[in-house]
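Note that ligands are numbered from 1 as they come in the structure, with each ligand's atoms numbered from 1 the same way. Since this is a predicted model, take the numbers as computed values, not measurements.
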Amino acid sequence: MTIPAPSKLAYVPFVSVDNMMKLVHHIGVEQVLADLARYIQDDFARWELFDKTPRVASHSTEGVIELMPTSDGQVYGFKYVNGHPANMKKGLQTVTAFGLLADVASGYPVMLSEMTILTALRTAATSAMVAKHLAPKGAKTLAMIGNGAQSEFQALAMKTVCGIENLRLYDIDPAATAKCKANLADSGLNIAACNSPEAAIEGAQITTTCTADKQYATILTDNMVGAGVHINAIGGDCPGKTELHRDILLRSDIFVEFPEQTRIEGEIQQLDADHPVTEIWQVINGIAKGRTSDAQITLFDGVGFAIEDFSALRYVHDQLQDGNFYQDLDMVADPDDPRDLFGMLQRAKR
Ligand SMILES: NC(=O)c1ccc[n+]([C@@H]2O[C@H](COP(=O)([O-])OP(=O)(O)OC[C@H]3O[C@@H](n4cnc5c(N)ncnc54)[C@H](O)[C@@H]3O)[C@@H](O)[C@H]2O)c1
């Protein structure tokens, strides 16, 4: 007996790690970061259309596994992502991810994708898109504290979206700094490896903290932060996992993605539940003010929100043409007679 071939709708385009890397090189890393910043900003501009919920987190002593869903009413997306700070010492990634887009009208998946690389790209694009709105005008120097997996992406996005020219690196592990510096040797950035966080933030208009620890850490203390800078704090993204001393928060104007999630996961978990924060989509849409003075400290308390992943998946989906950069996965059981699922199973018996 011949087994019927799966219907066309059974096949879902799958973007593997290999194809994601080919796609990024085909377009160019910096171009992808700039494109993603635009896609994310466009989706933040239509914020009110989206379903929004804090991500669903499953915590363990080693880390966290999270699901991040959202929908704009036409398309649904979700990401699976983990955060395991101790992984790196075991030779594993701290963060791995994959995600899916689906058609809201039918509920059928339309794309499955790796998202470990895509998360690093979208996190960097988000940081830079936000910094474009908040950082001091003409900012040229970025301090990057934490030189792990995310760091090069962060630096390149700040270069291409915000015009950063100088990069000052610090990590408690000098091997991480050496890796980051070597990876960015051809980037056109002037790079300085620093031996303390104080040295790294010297003269920087933007400081990114991107470290991984499963507990409250103090990467920046109050006396280290001068007036008129922008802080992009993205490494603290779980209950009990923060990077900044509370006093810095009290001196800063704080900008967030989705307050309901950030109050659980972000730096502001250290503050009262009603401490004022500004939602970045409101700055993008001109409803709220961003930077209002040269002396102001602006702080992006970035934890990563589902809409950023939705935008990133939407971007990748828009690049898939002519069978390039994906494989078809036989993923949806789709019998010709929708009520004959069992018959389809039976006909497949060998
Ligand atoms: N906000 C977001 O959207 C988002 C997205 C992805 C990852 N993250 C978070 O970003 C963090 C970094 O992720 P990664 O994949 O680069 O992790 P990683 O493990 O590859 O790198 C972390 C680096 O931080 C360094 N570090 C740890 N403590 C430090 C300290 N006190 N001072 C200076 N450096 C220190 C480590 O040596 C390591 O090189 C993680 O906490 C992750 O959860 C946030």
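Residue Gly148 approaches ligand 1 through these ligand atoms, each under 4.0 Å from one of its heavy atoms: 16 (O), 20 (O), 21 (O), 23 (C), 39 (O). Residue Cys210 has at least one heavy-atom neighbour below 4.0 Å for each of these atoms of ligand 1: 10 (O), 12 (C). Listed by atom number, the atoms of ligand 1 under 4.0 Å from Ala176 heavy atoms are 39 (O). Per-residue contacts place Val303 under 4.0 angstrom from the following atoms of ligand 1 (heavy atoms of the residue considered): 1 (N), 2 (C), 3 (O).
An N or O contact shorter than 3.5 Å links Asp237 to ligand 1 by distance. Checked against a 3.5 angstrom limit, the closest N/O atoms of Gly235 and ligand 1 fall inside it. At a 3.5 angstrom cut-off on N or O pairs, Thr119 does not count as close to ligand 1. The shortest N/O to N/O separation between Gly302 and ligand 1 falls below 3.5 Å. Any N or O atom pair closer than 3.5 Å counts here, and Ile234 shares at least one such pair with ligand 1. Of the polar atoms of Thr211, at least one N or O is found under 3.5 Å from an N or O of ligand 1, judged by distance alone. An N or O contact shorter than 3.5 Å links Lys241 to ligand 1 by distance. For ligand 1, one of its N or O atoms has an N or O atom of Arg122 under 3.5 Å away. Annotation: Tyr170 places no N or O atom under 3.5 Å from an N or O atom of ligand 1; distance criterion only. Where the criterion is an N or O separation shorter than 3.5 Å, residue side chain and backbone included, Ala149 meets it with respect to ligand 1.
Between the side chains of Thr211 and Glu243, a donor-acceptor pair is found at a separation under 3.5 Å. A side-chain donor-acceptor contact under 3.5 Å links Lys79 and Thr119.
Taking both residues in full, the closest heavy atoms of Ile297 and Gly228 are given as CG1-N, 4.3 Å, listed atom of the first, atom of the second, then distance. Closest non-hydrogen pair, Ala212 versus Thr94, comes out as CB-CG2, 4.2 Å. Scanning all heavy atoms of the two residues, the minimum distance from Pro54 to Ile264 falls at CB-CD1, 4.3 Å.
A salt bridge links Arg347 with Asp340: at least one charged nitrogen is closer than 4.0 Å to a carboxylate oxygen.
Taking the six-membered ring where tryptophan is involved, the planes of Tyr315 and Tyr39 are perpendicular, since the angle between them exceeds 60° and thus also 30°.
Heavy atoms of Ala217 stay at 4.0 angstrom or farther from ligand 1.
Between Phe310 and Phe50, a ring centre-to-centre spacing shorter than 6.0 Å is recorded. Checked against a 6.0 Å centroid threshold, the rings of Phe305 and Trp281 do not count as neighbours. Annotation: Phe98 is in aromatic contact with Tyr80 [ring centroid separation under 6.0 Å]. A ring-centre distance under 6.0 Å is found for His26 and Phe325.
Of all the heavy atoms of Thr126, none lies under 4.0 Å from any atom of ligand 1, so neither backbone nor side chain is involved. If you look at Thr123 next to ligand 1, the close heavy atoms, those under 4.0 Å, all belong to the side chain.
Between Asp171, Leu220, Asp173, it is Asp171 that holds the heavy atom closest to atom 39 (O) of ligand 1.
The shortest contact between atom 13 (O) of ligand 1 and any protein heavy atom is with Gln150 CG, 3.4 Å. For atom 28 (N) of ligand 1, the closest non-hydrogen atom of the protein is Ile172 CD1, 3.4 Å. Atom 18 (P) of ligand 1 has as its closest protein heavy atom Thr94 OG1, 3.5 Å. Atom 30 (C) of ligand 1 has as its closest protein heavy atom Ile219 CD1, 3.6 Å.
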